[in-house]
Amino acid sequence: MLSITPLKQIMQMRKSVRKYNAETKIPREIIMQLLQDATSAPSSSNMQPWRFLVIDDKEIQKNINFFSFNQEQIETASAIIAVIGDIEMYVNAEEIYAKNVELGYMPEPIANKLAQDALTMYGSAPTKTLENIVHFDAGLVSMQIMLLAKEMGYDTVPMGGFDKAKFAEYMELPANEIPILLLAIGEAAAPAYGSSRLPIDRIVRFNK
């Protein structure tokens, strides 16, 4: 029988907490470290399209709640991490692959080709395709944020239910940055409800 590893324990402990201690402050350097660690997540062609807007000002938290369906956790969490997707992420291709060469991860000719391929492919892709890509990649990094936060002793809840157009306007996001989800992070003031899962044999099948 497989043993319970620390990672499995964190996965099982992580719950979507909606009641937070409004007095708890998380230092910005802690949040920076959390996000830095989370960006080890994979992304399409390693373009790392995620951008993060950390909102730890209570007045701003209150204001964004006006178009976020008045969710209590938005105002009481220590911070709201807005996970944003940059649909012009490919403009960083040369910088990203040059760094790979500098770190000894790949030869320069291969890095140059990959960078040019990314510029060509993503630069000519329809906006809808780019939006799908950044949504997918945002999901990968968001899960890492939540697990790492739990390991650090903090709780989280992901929220997709907010008016993204109004949020973008209020936070003055550039046109190439689209809000994807909000992550509340803080100290739980009450335990979260448990949540059941469908039987594994209902959701898994193997090729015949």
Side-chain angles (χ1 to χ4, degrees), residues 1-20 31 34-53 67-74 76-87 89-90 118 121-122 125-165 167 177-208:
M1 184 175 179
L2 295 176
S3 61
I4 301 297
T5 64
L7 175 58
K8 286 183 181 179
Q9 289 177 330
I10 292 170
M11 290 170 64
Q12 292 171 1
M13 290 167 58
R14 187 218 61 80
K15 304 295 180 185
S16 293
V17 169
R18 292 177 171 81
K19 290 188 177 296
Y20 291 89
I31 294 179
L34 167 63
L35 295 177
Q36 179 176 326
D37 292 342
T39 57
S40 66
S43 62
S44 305
S45 302
N46 193 31
M47 288 296 96
Q48 306 162 54
W50 41 65
R51 306 291 180 262
F52 307 106
L53 176 56
F67 41 83
S68 302
F69 304 108
N70 294 313
Q71 300 178 76
E72 175 186 343
Q73 63 268 21
I74 288 183
T76 58
S78 300
I80 301 298
I81 301 172
V83 182
I84 294 164
D86 184 354
I87 61 173
M89 71 293 193
Y90 54 88
M121 177 173 62
Y122 296 113
T127 299
K128 187 62 178 177
T129 297
L130 294 171
E131 289 177 350
N132 288 339
I133 290 169
V134 300
H135 273 79
F136 180 84
D137 291 345
L140 296 174
V141 77
S142 296
M143 191 70 250
Q144 296 218 144
I145 293 172
M146 289 185 281
L147 293 176
L148 287 165
K150 190 61 184 176
E151 183 182 48
M152 296 169 70
Y154 296 113
D155 288 289
T156 56
V157 59
M159 298 167 283
F162 64 104
D163 190 316
K164 297 175 174 61
F167 179 88
E177 292 188 356
I178 57 175
I180 296 174
L181 78 155
L182 304 178
L183 280 172
I185 181 171
E187 177 191 7
Y193 291 111
S195 56
S196 63
R197 294 295 183 269
L198 292 169
I200 193 66
D201 58 5
R202 288 259 306 278
I203 61 174
V204 177
R205 59 180 180 270
F206 291 89
N207 60 276
K208 295 181 180 180

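Computed from heavy atoms alone, side chains included, the values below leave out hydrogens, waters and symmetry copies. Residue numbers start at 1 and run along the sequence shown.
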For the backbone of [Y] and the side chain of [X], can you confirm whether one donor and one acceptor N or O come within less than 3.5 Å of each other?
X	Y	result
Gln48	Asn46	yes
Ser78	Gly186	no
Gln71	Met159	no

Can you confirm whether Met11 is buried at CE, in the sense that more than 12 heavy atoms of other residues, nucleotides or ligands lie under 6.0 Å from that atom?
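No, because the 6.0 Å sphere around CE of Met11 holds 12 heavy atoms or fewer from other groups.
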Say you draw a straight line from [atom1] of [X] to [atom2] of [Y]; how long is it, rounded to the nearest 0.5 Å?
X	Y	atom1	atom2	value
Leu140	Thr39	CG	OG1	12.5 Å
Leu183	Met143	CG	CE	9.0 Å
Ile10	Leu148	CD1	CG	8.0 Å
Ile84	Leu53	CD1	CG	5.0 Å
Ile180	Phe136	CD1	CZ	12.0 Å

Test applied, side chain to side chain contact (heavy atoms under 4.5 Å, CB included); reference residue, Ser142; option that passes from Ile81, Thr156, Leu181, Asp137
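With Ser142 as partner, Ile81, Thr156, Leu181, Asp137 yield a single side chain to side chain contact (heavy atoms under 4.5 Å, CB included), made by Leu181.
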Any luck finding a side-chain donor-acceptor pair between Arg197 and Ser195 under 3.5 Å?
yes
Gln144 and Ser40 side chains, donor-acceptor separation under 3.5 Å
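Side-chain D/A pair, Ser40 to Gln144: present.
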Check [X] against [Y] and note the closest heavy-atom contact, atom names and distance.
X	Y	value
Ala38	Val141	O-CG2, 3.5 Å
Glu177	Arg51	OE2-CG, 4.0 Å
Ala41	Trp50	O-CH2, 3.2 Å
Tyr20	Ala189	C-CB, 3.5 Å

My understanding is that only residues two or more places apart in sequence, or in another chain, count here; which of them pass salt bridge (charged side-chain N to carboxylate O under 4.0 Å, His left out) with Lys164?
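Testing Lys164 for salt bridge (charged side-chain N to carboxylate O under 4.0 Å, His left out), a comparison that skips the adjacent residues, returns none.
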For Arg14, all residues meeting salt bridge (charged side-chain N to carboxylate O under 4.0 Å, His left out), sequence neighbours excluded
none
Side-chain heavy atoms of [X] within contact of [Y], under 4.5 Å:
X	Y	answer
Met121	Ser45	yes
Val157	Val17	no
Ser44	Pro49	no
Leu182	Phe167	yes
Phe52	Ile145	yes

Might you work through the side-chain contact (heavy atoms from CB on, under 4.5 Å) test for His135 and Ile178, ending with a clear yes or no?
CA-CA 9 Å; His135 273 79; Ile178 57 175; 3.8 Å; yes
Under 4.0 Å between a side-chain nitrogen and a carboxylate oxygen: does that hold for Lys19 and Glu72?
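A salt bridge links Lys19 with Glu72.
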Does anything in residues 146-163 pair up under salt bridge (Lys or Arg N to Asp or Glu O under 4.0 Å), and if so which pairs, sequence neighbours excluded?
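Passing the test, one end in residues 146-163: Lys150-Asp155.
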Between Tyr122 and Tyr90, what is the ring plane arrangement, given parallel below 30°, perpendicular above 60°, and tilted in between?
parallel
